[in-house]
Amino acid sequence: MSVRLDPETRDWILRDLSTVPWRSLRGARPGESASAVPDLLTALVTKTAEPADYRRIIRLISDEVVHDGMYAEAAPYIVPYLARWIMVEPAESARAAALGLLEALAELEPETDPAGPDWLAEQQVMLAALADAREALLDVAQTSEPSNARTAQDLVDRISSVAGHAGHADYAGAGGYAGAGGSAANNTSMTPDLDAAVSFVATHGRILERRRLDLLLGRGPADGVLAALDAYRNGDGGYGWGLEPDLRSATSQPVAAMHALEVLSEIPDAGTRPVELCDWLARYTLADGGVPFGLPFTDVEGCAPHWVAADPAVSSLQMTAQLAAQAYRVARGRREVAGQLWLSRATAYCLDAIERLPDEPHAYEVMFALHFLDEIGDQPRARTLIDRLVRHVVQDGLTPVAGGAPGEGLHLLDFTPRPGTAVRAAFAPESVEADLRRLASGQQPDGGWTVGFPAYSPAAELEWRAYATLQALATLGATR
């Protein structure tokens, strides 16, 4: 099925978008694809796009753009805009239009040989794009009038169908898995041994990771994740109690807030928790808009020295960037979070701090800065900073961590865990593919993954491994 447009709209596309260089995206070198797309497209991903912009992107959904040989190249640009529109557009009629086009996109098939690798790759792109739109679809399914809600829920269900059509019977849509394959001890394919991974998390992980994994796999409710997360919540709206495995303090801490936001970004309706957490962060934000690496505490048992020695009077780009990145992910489905003054101040601080980074920035600062820039990557200032930072990432091996343990380093996917993003577009596809295989092959005989840094205690090491296992499944699933 292809999207058919009325003659007037088709003429509009041919007249006003005749210079759209879609075909220049094919075979583009790393970093070239973003510059090849006109401002109309690169600007639309912004959280503050005008409704008229979204109406223009609707008109781009045509045979010329999506179905006429440019399936894989166009999908990552178009689907996020449609998803964003149905989140910010209050008019049900407008939501219905966007939902209808998403529904049509879900049924599109590339024209290449169904038995060839290009066909499979293009189906994977569409699957990943639709999976990234899942949060918006779930929001509409819960907040719209019945007809639109049914369409949105049907689209969520059909993500799984697209996966099956592409030959991935083990992928259960929305970033999850439905089955397992291969042996964890000898797994060099892109398909993890899911049964072994579940067994590892059940045996060694916290209740939080077990609940999150159930949610990822479509086996458990979001309420269970919230209940597990609430165990780490304090009365001041912050989080502590060892939510960060190497920081066992009961006190509310910025890094625990980051972990909490990460979890909350996976849940469509988390109540007042996200706003209350932003309010807590605002209370500990310094004058320059940054958040310190850590706050003072006295219950230091089981806490790594770098947390005990954290300076509460100095803003940390590493901490503020990862907090803001996760907050932006939460804000996709929560308008009240998107409008938080704290997030606006943190964004300004991060952009200024990234611009001031030295010629040889620390690997962790680069990683969290790129995570942050990915969330605002449509803005010209952010795109410039992305281009600058990716030069510090080793694409075919480890990016060393200065001052870390011997051999400690970060892999390519640590910097760009999600497909279809501005940062991912800056890396060579073959490098991404190679690192995906590296990640898949990293599953251990016990079913879990390891971390690339030393944990502070045996308990923390197991907790980190369960966390890493969840992250590995999510990263591999979002790409399949």
Side-chain angles (χ1 to χ4, degrees), residues 21-37 41-42 45 69-80 110 112 116-129 131-132 166 188-191 325 354 357 359-361 363-375 377-378 382-401 409-442 452 471-472 474-480:
W22 289 104
R23 299 193 178 278
S24 67
L25 296 178
R26 178 162 290 163
R29 296 176 61 83
E32 288 182 350
S33 58
S35 62
V37 182
L41 295 177
T42 56
V45 76
M70 297 305 301
Y71 184 93
E73 287 83 351
Y77 293 99
I78 291 173
V79 171
T112 48
D118 291 342
W119 182 88
L120 183 60
E122 292 184 359
Q123 284 289 7
Q124 289 174 332
V125 168
M126 180 55 72
L127 172 61
D132 282 345
T188 58
S189 72
M190 295 284 280
T191 306
I354 294 170
L357 282 173
D359 292 337
E360 295 184 5
Y364 279 113
E365 282 191 320
V366 173
M367 180 180 73
F368 289 120
L370 286 175
H371 290 182
F372 162 73
L373 293 170
D374 235 356
E375 299 301 326
D378 58 289
R383 294 199 299 271
T384 299
L385 292 174
I386 289 173
D387 292 340
R388 182 190 304 175
L389 288 183
V390 295
R391 296 198 295 267
H392 300 287
V393 178
V394 178
Q395 296 203 33
D396 55 357
L398 279 176
T399 299
V401 173
L410 298 173
H411 292 278
L412 179 60
L413 289 173
D414 293 323
F415 297 93
T416 177
R418 295 184 296 118
T421 66
V423 172
R424 178 65 66 86
F427 295 113
E430 59 269 22
S431 296
V432 174
E433 181 76 9
D435 206 41
L436 286 167
R437 295 191 179 282
R438 187 272 315 165
L439 179 63
S441 67
Q471 295 302 305
T475 300
L476 292 167
T479 314
R480 292 185 61 74

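All of these numbers come straight from a predicted model, not from anything done at the bench. Worth knowing before you read on, the calculation uses all heavy atoms, side chains too, and leaves out hydrogens, waters and symmetry mates.
- Of the options Thr416, Leu389, Val393, a side-chain contact (heavy atoms from CB on, under 4.5 Å) to Val423 is made by Thr416 and by none of the others.
- Counting only heavy atoms from C-beta outward, the side chains of Pro361 and His392 approach each other to under 4.5 Å.
- With Asp414 contributing its side chain and His411 its backbone, the two residues share a donor-acceptor pair below 3.5 Å.
- Here the shortest heavy-atom pairing between Ile354 and Arg388 reads O-NH1, 4.1 Å.
- Residues satisfying the salt bridge (charged side-chain N to carboxylate O under 4.0 Å, His left out) criterion with Arg438, sequence neighbours excluded, are Asp435.
- Across Ala363 and Leu410, no two heavy atoms sit closer than the pair O-CD1, 3.7 Å.
- With sequence neighbours excluded, the residues forming a side-chain contact (heavy atoms from CB on, under 4.5 Å) with Glu365 are Leu317, Gln318, Leu357, His362, listed by chain and number.
- Taking CZ from Phe372 and CD1 from Ile386, the interatomic distance works out to 10.0 Å, rounded to the nearest 0.5 Å.
- Between Asp387 and Val390 the shortest heavy-atom distance is O-CG2, 3.4 Å.
- Looking at residues two or more places apart in sequence or on another chain, you find a ring pair (Phe, Tyr, Trp, His ring centres under 6.0 Å) between Phe368 and His371.
- Side chain of Asp396 to backbone of Ser431: no donor-acceptor contact under 3.5 angstrom is found.
- Nearest heavy atoms, Ala440 versus Leu476: CA-CD1, 3.9 Å.
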